[in-house]
Visitor: 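Next up is a structure, given as structure tokens.
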Number of protein chains: 2
Amino acid sequence: MAVSEAEAAVMEVLWRAAPRSAEEILAEVGPAQGWQEGTVKSLLNRLLKKKAVKAEKDGRRYLYTPLLSREKYVSQESKGLLDRLFDGRVAPLVAHFSEQRKLTKKDVAELRKLLKELDDE
Amino acid sequence: MAVSEAEAAVMEVLWRAAPRSAEEILAEVGPAQGWQEGTVKSLLNRLLKKKAVKAEKDGRRYLYTPLLSREKYVSQESKGLLDRLFDGRVAPLVAHFSEQRKLTKKDVAELRKLLKELDDE
DNA sequence: CTCCATCAATTACGCATGTAAACATCAATT
DNA sequence: AATTGATGTTTACATGCGTAATTGATGGAG
């Protein structure tokens with residue numbers, strides 16, 4: 001079962017710093033998403049069921065820690081999109097953004113650097 | 001309302017060639033996805049409701065044509081992923097694929113070419 | 001004309017999701 | 001010990017999705 005988008009918002013908090021209590025997570029994600037307590041609790045429980053986080057007791061409450069790494073999650077999502085829309089190839093994806101003028105100067109500079117580094121191998 | 005993944009599979013058929021009848025669409029997408037008639041009809045109707053396709057009567061049946069372009073769909077999906085996972089910047093996305101060794105020789109060659117063309121502007 | 005075959009439209013159903021209320025537990029306070 | 005406040009657990013409910021069966025319309029065969 002995949003981690004949904006709302007669940008991912010909770011994961012993001014945990015990826016920034018963990019372990020965290022439900023209260024801390026709510027404080028960080030609640031306002032931005034307009035969520036309240038029950039919602040965050042539910043998301044945490046679904047993440048537990050999906051083995052994307054684990055919880056350890058800390059006195060009266062629990063502290064949550066990610067089990068699924070951000071790297072892994074990002075990989076899955078990215079690969080999914082790439083396969084579905086660009087036949088699994090990266091260059092067409094970048095070409096797409098280029099056509100949409102979504103490449104900033106900084107992007108271009110970084111891409112150049114990246115390619116140069118690939119050369120030096 | 002967003003076009004779902006199953007719906008997108010139907011759109012792909014129409015993007016390849018349109019207008020098409022439900023029967024033709026089924027023939028092309030059914031076997032690959034393991035769908036049968038009713039499923040494809042439902043998806044077509046949902047796409048109609050979402051204004052992603054239009055239908056025009058052709059004798060006893062309908063011919064379907066995309067209203068949503070593939071370009072636009074790809075843009076929405078790509079931008080969504082980019083914003084959610086890479087803070088809206090392209091270079092980190094490519095760096096990610098590079099680290100995952102998902103860049104083929106061909107990708108690298110094409111990226112080089114792309115950057116060169118950007119130079120010539 | 002009536003009946004059948006062919007399409008499309010409607011309805012259905014289980015599961016995931018987003019969102020949250022209700023309930024349970026338990027430590028701390030009165 | 002009883003109450004309260006903080007937390008976590010369970011249940012709920014509307015919506016969307018994947019999948020399909022059922023119903024409805026309509027043009028062609030007899």
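Chain A is the first sequence line, chain B the second, and so forth, proteins listed ahead of strands; every chain is numbered from 1.
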Visitor: Going by modelled atom types, is there a donor-acceptor pair between the base of D:dG27 and the side chain of B:Arg61 at under 3.5 Å?
Guide: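 There is none.
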Visitor: Using a cut-off of 4.0 Å on non-hydrogen atoms, how would the nucleic acid contact of B:Ala22 be classed: base, sugar-phosphate, or nothing?
Guide: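 Contact class for B:Ala22: sugar-phosphate only.
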Visitor: Quick one: on DNA chain D, does A:Leu48 or B:Ser4 contact a more 5' nucleotide (nearest heavy atom)?
Guide: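 On the 5' side of the pair lies A:Leu48.
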Visitor: Does a distance-only test, which skips hydrogens and angles, find a donor-acceptor pair under 3.5 Å between the side chain of A:Arg60 and the base of D:dT4?
Guide: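 By the distance-only test, no, there is no pair.
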Visitor: Is A:Asp58 salt-bridged to A:Arg61, going by a charged N under 4.0 Å from an acidic O?
Guide: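 Yes, A:Asp58 and A:Arg61 are salt-bridged.
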Visitor: Record whether the side chain of A:Arg46 comes under 3.5 Å of the base of C:dT19 through a donor-acceptor pair of N or O atoms.
Guide: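 Looking at the base of C:dT19, it does pair with a donor or acceptor on the side chain of A:Arg46 (distance under 3.5 Å).
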Visitor: Counting only side-chain nitrogens and oxygens, does B:Thr39 get under 4.0 Å of the OP1 or OP2 atom of D:dA20?
Guide: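 Result: yes.
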Visitor: Rounded to the nearest angstrom, tell me the gap between atom CD in B:Glu5 and atom C1' in D:dC17.
Guide: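 Distance check: B:Glu5 CD to D:dC17 C1' gives 11 Å.
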Visitor: Find out whether B:Arg20 and B:Tyr64 are in side-chain contact, i.e. whether some heavy atom of one side chain is under 4.5 Å from a heavy atom of the other.
Guide: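 A side-chain contact is absent here, since even the closest heavy-atom pair is not under 4.5 Å.
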Visitor: Can you tell me if B:Lys41 touches the phosphate of D:dG24, counting only side-chain N or O atoms and a distance under 4.0 Å to OP1 or OP2?
Guide: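 Checking D:dG24 against B:Lys41, no side-chain N or O comes under 4.0 Å of OP1 or OP2.
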Visitor: D:dC17, OP1 or OP2 - any side-chain N/O from B:Lys50 closer than 4.0 Å?
Guide: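 Affirmative; the distance criterion is met.
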Visitor: Does a donor on one side chain sit under 3.5 Å from an acceptor on the other, for B:Asn45 and B:Ser42?
Guide: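 No.
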Visitor: Taking for each residue the nucleotide of DNA chain C with the nearest heavy atom, is it B:Glu23 or B:Ser42 whose nucleotide lies nearer the 5' end?
Guide: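 Comparing both residues, the 5'-ward one is B:Glu23.
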Visitor: Between A:Ser21 and D:dT7, is there a contact of a side-chain N or O with OP1 or OP2 at under 4.0 Å?
Guide: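 False: A:Ser21 side-chain N/O out of range (4.0 Å or more) of D:dT7 OP1/OP2.
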